[in-house]
Structure formats: C-alpha cells, structure tokens
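All ligand and atom numbering here is 1-based and tracks the order in the structure. On a predicted model such as this, the values are computed, not experimentally measured, just so you know. Below, all heavy atoms of this structure are taken into account, side chains as well, without hydrogens, waters or symmetry copies.
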Amino acid sequence: MVERKTALFGGTFDPIHLGHTTVASDAARHIGAEKIIFIPAKRSPLKVFLPKASDDERLAMIALAVAGNKNFDVSDCELKKPAPSYTLDTIRQFQADYGSETRIYWLLGADSVDDLPYWHGIAELIDRCNLCTMYRGGCEPPDFTKFKAAWGPDRVEKLQRNIIETSLIDVSSTEIRDRLAAGRDVTGMLHRPVAEYIRERGLYRLSGES
Ligand code: ATP
C-alpha cells in the first residue's frame, strides 16, 4: 500500500510570516510530505496573551500566504472548537479522518522545545506521530537529550531522529507586530498579499491610530 505523508503545522500565526512558510517547505522536502496543513490555534494553551488579529483574519492571512503552493493547505479545525486547542486531539482527529495509509507528522520550531514538557499528553503525542523539530534562526539547535529521564531513551531517540535542519530565518510574529505598531518597515518578512491585507485593514496598529 502506498503510504502518504502529511505534515501538520500548528501555531498562532498572528500573522503568518516568511519564516513559517520557508521552514515548512524545507520540512516538506525533507520528509517527502505531499501536504503541509497550516492549523491556526484559537489560542495557544501556553501563551498568556490572546492573538491580536481575529480568528477569521489569521485564517484569511494564511490562505493568502499558501495560495499558489500546491503542497500547502490550511485547516480551520482548531478554530471551530472551544479554546484552548490541544495538539494531541488534533492529531487524533487527523489520524481518524485520514486512516492508517497516511503517516502524520507534526512540525514545530526549535524555540518550542522547552515548552514540550507542558504540552497535554506529550508522551502519547511523541508515540502517536512524528514530532519534527525545525531549526529556527536566533535559537539554539534543537536537542532533546535532557529529557531522557522524563520521557525515556526511545522517545528521545525518536525526537532526535526527527530533527530537521531547516533554513535559519530569524523572523517572528512578535517582531512583525512590534514593527507595525511602531510604523516601521516589515519588508522581507511577510508575503506580499499578507502585507497588503494587514495594511488595508490597519491590523496591528496601536489603538487610536487611524
Ligand atoms: P510569536 O512571536 O507571536 O510567538 P512566532 O513567530 O513564534 O510567533 P507562531 O505562530 O507562534 O509564530 O509559531 C508557530 C510555529 O512555527 C511554532 O512551532 C514556532 O516555533 C514555529 N516558527 C515560527 N517562526 C519560525 C521561524 N522563523 N523558524 C522556524 N520555526 C518557526
């Protein structure tokens, strides 16, 4: 039976930027995945602040950024559920929907490694799918060896094996929001249609500005 590989890429995407799509392309090539599905979270269980842009706006910006890339797709499955959304539940859902011929991967950036112990059902999540950690500009390369005592050597070995040496793109949504609020340039950080969308709607400006 031909096995399909689908990678899921969750995040707040407030807004989606060129860092996200560049590392996702690298990861797709490395894995041999035919689809990368971007999944905006309603609210990250680990982030204190709510997204600045609405669910619909974040979804629309992802749709603009992925349009034209036949390997990219977007799903609103987490936005339709009550917040917060748990990765484990999303993976269970995709595995049930796609069946056993599809191997599911979950992508995350190197900066998320230290958050993993706080993820809901992390041991089951590691066992259930391929959790692939991507390099991120400005961050140390991912390393899971310190989690051996907590998760056991087999899980740590699987996580290490699934590290992907993606391009180093030192861009974050926080920096983009800060720059936009200060009226500074964000050239080279955003997809052009996303930058247009933000400009037309006045997103991320300081409140009170017209
Ligand atoms: P924020 O600055 O608001 O925290 P962010 O830029 O980290 O946002 P998220 O939407 O939180 O973006 O990220 C979703 C996922 O993408 C996370 O797993 C994050 O580690 C990863 N990611 C984001 N930017 C990059 C990047 N430049 N390189 C590699 N991974 C990234």
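- Those atoms of ligand 1 with a heavy atom of Phe13 less than 4.0 angstrom away are 10 (O).
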Trace of the side chain to side chain donor-acceptor pair (under 3.5 Å) decision for Asp97 with Gln93: CA-CA 6 Å; Asp97 292 349; Gln93 190 59 56; 3.1 Å; yes
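- Residue-ligand proximity, Gly11 to ligand 1, at heavy-atom distances under 4.0 Å covers atoms 10 (O), 14 (C).
- Taking the six-membered ring for Trp and thresholds of 30 and 60 degrees, Trp119 and Trp106 have ring planes more than 60 degrees apart, a perpendicular arrangement.
- Polar contact with ligand 1: absent for Gly10 (N/O pair, distance under 3.5 Å).
- When the options Asp26, Asp170, Asp111 are evaluated for a salt bridge (Lys or Arg N to Asp or Glu O under 4.0 Å) with Arg136, the one that passes is Asp111.
- Screening residues 150-194 for ring-ring contact (aromatic ring centres under 6.0 Å, His included) gives Phe147-Trp151 as the qualifying pairs, with residues at least two apart or on separate chains.
- Panel note: side chain Lys158, backbone Asp127; a donor-acceptor pair is recorded below 3.5 Å.
- Not one N or O of Met134 is nearer than 3.5 Å to an N or O of ligand 1, by distance alone.
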What pairs of donor and acceptor atoms, side-chain ones from residues 29-38 against any protein atom, are under 3.5 angstrom apart with sequence neighbours left out?
residue, atom, partner, partner atom, Å
Glu34, OE2, Arg4, NH1, 2.7
Lys35, NZ, Lys70, O, 2.7

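- Proximity annotation for atom 17 (C) of ligand 1: of Ser112, Ser172, Ala24, Ser173, Ser112 comes nearest, heavy atoms only.
- For ligand 1, none of its N or O atoms has an N or O atom of Asp14 under 3.5 Å away.
- When heavy-atom distances to ligand 1 are checked against a 4.0 Å cut-off, Thr174 comes that close through both its backbone and its side chain.
- Listed by number with element, the atoms of ligand 1 under 4.0 angstrom from any heavy atom of Leu108 are 18 (O).
- Taking any N or O of Ile169, backbone or side chain, at least one lies under 3.5 Å from an N or O belonging to ligand 1.
- Contact annotation for Asp111 and ligand 1: only side-chain heavy atoms (C-beta onward) come within less than 4.0 Å of the ligand.
- Counting only non-hydrogen atoms, the option in Arg177, Arg58, His20 that gets closest to atom 12 (O) of ligand 1 is His20.
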